Amino acid sequence: MLKDVANTELRIQHASTLEDGLQYLGDPEKPLDAVLLDLGLPDSQGFDTFTRVQEKAQAFTVIILSGLNDVDMALHAVRNGAQDYLVKGQISGELLLRSIRHAIERDEADRLLRESRERYQSLVDMMPDAIMVHQDGLVAFANPAAVRLLGISKPEALMGTPMIDIVHPEFKEIVAERIRSAEAGQSQTVLEQKFVRSDGNVIDVEVTGSPFTFEDKPATQIIFRDITQRKQREREIEAVAAVSSSLRQARSVDEILPVILNQAMASISAKAATLTLVEPETGDHQIVMGKSSDRQLPIGQVIPAGTGLTSRVVETATPYLNNNFRNEPDPITVKFSDIPSTTALVIVPITAEDHVIGTLGLGRDEAIEQSDIRVLSAICDIGGAAVHRASLYEQTERRLQHLRSLREIDNTIATSLDLRLTLDVILSQGIGELRVDAAAILLMDEEHMLNFAAGLGFRTDRIEQARIKFGDGLAGQAAKERTIVEAADLSAAGERLNWSALAEAEGFMGYYAAPLIAKGRVIGVLETFHRSVEPRDAEWKDFLLTLAGQAAIAIDNAALFKDLQTSNESLREAYERTIEGWAHALALRDMETIEHSRRVTEMTVKLAQALGVSDEQLEHVRRGALLHDIGKMGVPDHILGKAGPLDDEEWEIMRRHPVYARDMLTAIDFLYPALPIPLYHHEKWDGTGYPEGLQGRHIPLEARIFAIIDVWDALTSNRPYRDAWPEDKVAQHLREQAGKHFDPAIVDAFFLHILKRG
């Protein structure tokens with residue numbers, strides 16, 4: 001039969017023994033297309049026969065010839081690489097020819113498939129993107145980039161595993177649907193999702209998928225890349241944008257702190273959070289705010305300086321992280337009763353002006369990553385700057401209010417010799433400005449006894465029975481030592497208070513006393529009482545001393561009216577120095593110099609005087625010139641100090657500074673006449689200025705005068721962003737703007753009286 005086949009289409013080389021056949025297979029000069037292996041050869045050794053032939057004939061197609069008793073062995077050979085098997089006695093020449101042809105074709109197809117896979121493997125192995133192939137939802141291929149990205153030790157570990165196993169639970173449902181769609185032949189659009197690495201870490205990935213034929217079978221090829229860093233940057237930008245947007249609406253520290261807390265919790269899905277602020281004088285940390293869904297937080301609790309994790313964060317100005325805090329808390333942790341710990345804890349410093357002003361602590365049960373800390377640090381940096389800015393604004397507002405109160409007291413002292421009325425005004429202003437519940441004034445008599453003179457805010461009349469010997473109790477100690485005496489917690493003051501029954505009846509918990517000193521002589525004591533425990537800072541105590549001083553002046557001057565007027569003049573000088581100090585602070589904040597403020601003030605007064613402004617009005621002109629940009633205290637630092645041009649939104653905020661000036665100065669009586677320059681110096685003669693668009697002589701005279709002076713000095717002075725203009729160029733500019741920006745008549749007066757040009 002083999003001879004018949006050979007005579008038709010095939011050339012056959014016959015070997016009667018296994019050894020002859022193996023020798024022939026090993027001859028490179030005798031290439032073959034296929035090998036017909038008879039398992040019944042005289043020297044055959046069962047399945048080992050096939051193994052030995054396969055080692056020699058790896059490039060050939062192998063077909064097994066077996067007897068009926070060797071069928072199982074022949075099938076085993078097929079499973080291990082043989083292309084086919086035929087049973088001797090059941091084949092014809094035609095069947096043999098067809099089997100050989102088909103076996104060679106299948107072997108060639110397998111070879112081409114292997115080469116195709118090797119080319120595919122070589123191509124994707126060099127790809128920087130991760131590539132995987134899955135069939136019926138099971139991983140069939142992964143390139144080295146995919147193996148590295150998923151943290152797998154070798155590709156074989158992925159083969160045959162469900163594709164869905166590497167998908168984060170949050171995305172399993174949508175990915176399962178995408179797998180079904182891909183198996184139906186539909187291409188998949190780009191999807192941002194999350195994969196879980198072998199080490200349990202979660203990574204953000206961008207995935208595309210498309211139908212694919214892999215090893216002659218339908219499959220899906222997915223290409224994915226790690227976008228964790230990009231998503232992190234997006235998170236940081238979103239967090240910064242969110243907190244910035246929220247802080248834009250917040251004016252006070254009390255409004256800013258919740259924004260910081262809420263945005264921080266939302267950014268990392270925290271379970272609980274606390275915010276502490278550092279007391280500048282003591283360094284203690286007070287928990288001023290907190291939020292938790294399942295626990296009571298110790299709001300108001302004070303953590304002494306140098307203790308606890310918050311102190312470590314403040315001292316090092318670096319975040320603290322413990323992802324196993326519940327089981328392994330830090331030994332220095334300050335523990336609060338009945339407050340369960342979270343698994344992970346992070347504490348981030350809140351900084352402003354290179355100083356740590358507080359801390360933000362957050363906890364959750366999932367591990368906190370470094371990327372989370374970066375987001376929190378960004379929020380704390382922005383929040384810290386906002387807190388600092390708001391603190392300065394509040395401090396300015398508070399000092400302005402203090403000035404208003406002092407002015408009110410001054411007015412009372414200046415217009416009334418009624419001591420009782422004067423003391424009532426002092427106490428009323430003191431309670432409001434010092435934020436206390438009650439206050440009293442004790443006066444010293446000739447026997448060196450402190451007796452009740454006036455009181456306000458008391459629920460009983462016990463205070464009126466006060467009669468304290470000089471040096472006794474808290475009030476007597478303040479008089480003797482000529483300094484503030486405090487008992488922030490009256491429960492610990494004991495007998496030093498002199499009348500514990502008063503504290504009990506009134507519900508007082510805190511107490512401060514300041515001596516009344518007039519002309520070097522102690523004449524009494526100003527007492528303040530508090531129905532809550534609240535720490536007071538140095539500024540508060542300074543104002544208490546100021547009020548005590550005012551009270552002493554009022555008392556002493558009840559009989560000495562002339563001394564009262566002298567004191568008033570001293571206060572006025574203090575106001576003027578305060579105004580100059582504001583002008584200096586404004587110049588520094590606005591990147592100008594104090595010399596600029598002084599020059600424009602002097603020239604403005606000089607030109608106003610030349611134009612016939614009265615001496616009385618000149619004083620208001622001088623103050624207005626000094627405070628012309630007081631409204632910029634309300635403009636955020638990032639706008640005020642911006643090096644480049646402002647955008648439309650920033651200009652809108654900047655153009656409100658005259659309105660801020662009006663809001664700040666209107667209620668201050670002695671500064672109200674100086675308001676036209678701060679409010680209207682950006683108005684223009686042709687009506688195109690701001691804030692009200694006044695035109696011509698509707699603009700106050702002093703504002704029209706100052707507008708020219710301000711532009712002249714600004715353009716003739718060097719600035720960080722440009723050099724000074726030559727004076728001739730500036731003069732020409734002023735002439736060109738006459739009738740547009742400036743009052744033409746005042747431009748002429750400026751050239752005549754200031755530049756001395758006709």
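Note that the coordinates shown come from a computational prediction; the quantities given were computed from them, not determined experimentally.
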Determine whether a donor-acceptor pair (N or O, by modelled atom type, separation under 3.5 Å) exists between the side chain of [X] and the backbone of [Y].
X	Y	result
Ser377	Arg374	no
Arg178	Thr189	yes
Arg364	Ile268	yes
His134	Met132	no
Asn201	Arg197	no
Asp372	Glu369	yes
Ser311	Ala305	no
Asn322	Glu328	yes

Any side-chain hydrogen bond (donor to acceptor under 3.5 Å, both in side chains) involving residues 165-177? Give me the pairs, sequence neighbours left out, ordered by first then second residue.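 Checked against side-chain hydrogen bond (donor to acceptor under 3.5 Å, both in side chains) - neighbours excluded - the pairs reaching residues 165-177 are Glu177-Arg180.
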
Kindly indicate whether the side chain of [X], heavy atoms from C-beta on, has any atom under 4.5 Å from the side chain of [Y].
X	Y	value
Thr274	Met289	no
Pro218	Pro211	no
Ile260	Ile379	yes
Asp284	Ile303	no
Ile639	Asp637	no
Val175	Gln193	yes
Phe195	Val202	no
Phe224	Leu191	no

Set of residues satisfying salt bridge (Lys or Arg N to Asp or Glu O under 4.0 Å) with respect to Asp647, sequence neighbours excluded: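 Residues passing salt bridge (Lys or Arg N to Asp or Glu O under 4.0 Å) with Asp647: none at all.
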
Report the distance from atom [atom1] of [X] to atom [atom2] of [Y], rounding to the nearest 0.5 Å.
X	Y	atom1	atom2	answer
Ser210	Ile222	OG	CD1	10.0 Å
Ile350	Ile357	CD1	CD1	6.5 Å
Leu646	Ile653	CG	CD1	9.5 Å
Glu353	His388	CD	NE2	4.0 Å
Phe141	Met159	CZ	CE	7.5 Å
Ile347	Tyr320	CD1	OH	7.0 Å

The test is side chain to side chain contact (heavy atoms under 4.5 Å, CB included); show your working for Val288 and Leu277 and say whether it passes. CA-CA 7 Å; Val288 296; Leu277 290 181; 4.0 Å; yes

For [X] against [Y], the heavy-atom pair lying closest together:
X	Y	value
Leu360	Cys380	CD2-SG, 3.7 Å
Ala146	Ala130	CA-CB, 3.4 Å
Thr161	Leu158	OG1-O, 2.6 Å
Leu149	Arg225	CD2-C, 4.4 Å
Asn143	Asp129	ND2-O, 3.0 Å
Val348	Val313	C-CG1, 4.1 Å

Walk me through it: do Arg230 and Glu192 pass the test salt bridge (Lys or Arg N to Asp or Glu O under 4.0 Å)? CA-CA 11 Å; Arg230 191 189 81 191; Glu192 292 184 0; 2.3 Å; yes

Mind checking side chain to side chain contact (heavy atoms under 4.5 Å, CB included) for Ala219 and listing every partner two or more places apart, or none if nothing turns up?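 With sequence neighbours excluded, Ala219 shows a side chain to side chain contact (heavy atoms under 4.5 Å, CB included) to Val133, Gln135, Phe214, given in chain and number order.
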
Working note: Leu275 + Ile287, criterion side chain to side chain contact (heavy atoms under 4.5 Å, CB included); need CA distance, chi angles, decisive distance, verdict. CA-CA 6 Å; Leu275 193 153; Ile287 302 176; over 6 Å; no

Presence of salt bridge, Glu206 and Lys231, under 4.0 angstrom: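 Glu206 and Lys231: not salt-bridged.
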
Which pairs with one or both residues in residues 297-317 pass salt bridge (charged side-chain N to carboxylate O under 4.0 Å, His left out), sequence neighbours excluded?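 Qualifying pairs, neighbours excluded: Arg312-Asp330.
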
More than 12 heavy atoms of other residues, nucleotides or ligands under 6.0 Å from [atom1] of [X]: yes or no?
X	atom1	answer
Ile174	CD1	no
Gln229	CD	no
Glu156	CD	yes

Can a donor-acceptor pair be found between the side chains of Arg326 and Thr343 at a distance below 3.5 Å?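 Yes, because at least one side-chain N or O of Arg326 sits under 3.5 Å from a partner of the opposite role on Thr343.
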
For Asp254 and Ser252, which I'm curious about, is there any donor-acceptor pair between the side chains at under 3.5 Å?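 No, because no side-chain N or O of Asp254 sits under 3.5 Å from a partner of the opposite role on Ser252.
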
Could you go through the side chain to side chain contact (heavy atoms under 4.5 Å, CB included) check for Ser198 and Leu150 one step at a time? CA-CA 6 Å; Ser198 62; Leu150 295 174; over 6 Å; no

Does Thr276 have any side chain to side chain donor-acceptor pair (under 3.5 Å) partners at least two apart in sequence or in another chain, and if so, which?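 Here the qualifying residues are Thr359.
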
Residues which pass side chain to side chain donor-acceptor pair (under 3.5 Å) with Thr318, listed by chain and number, not counting sequence neighbours: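 Expected list: Thr316.
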
Evaluate the side chain to side chain contact (heavy atoms under 4.5 Å, CB included) criterion for residues Met654 and Arg656: first the C-alpha distance (whole Å), next the side-chain angles of each, then the deciding distance (0.1 Å), finally the verdict. CA-CA 5 Å; Met654 179 65 80; Arg656 290 194 58 80; over 6 Å; no

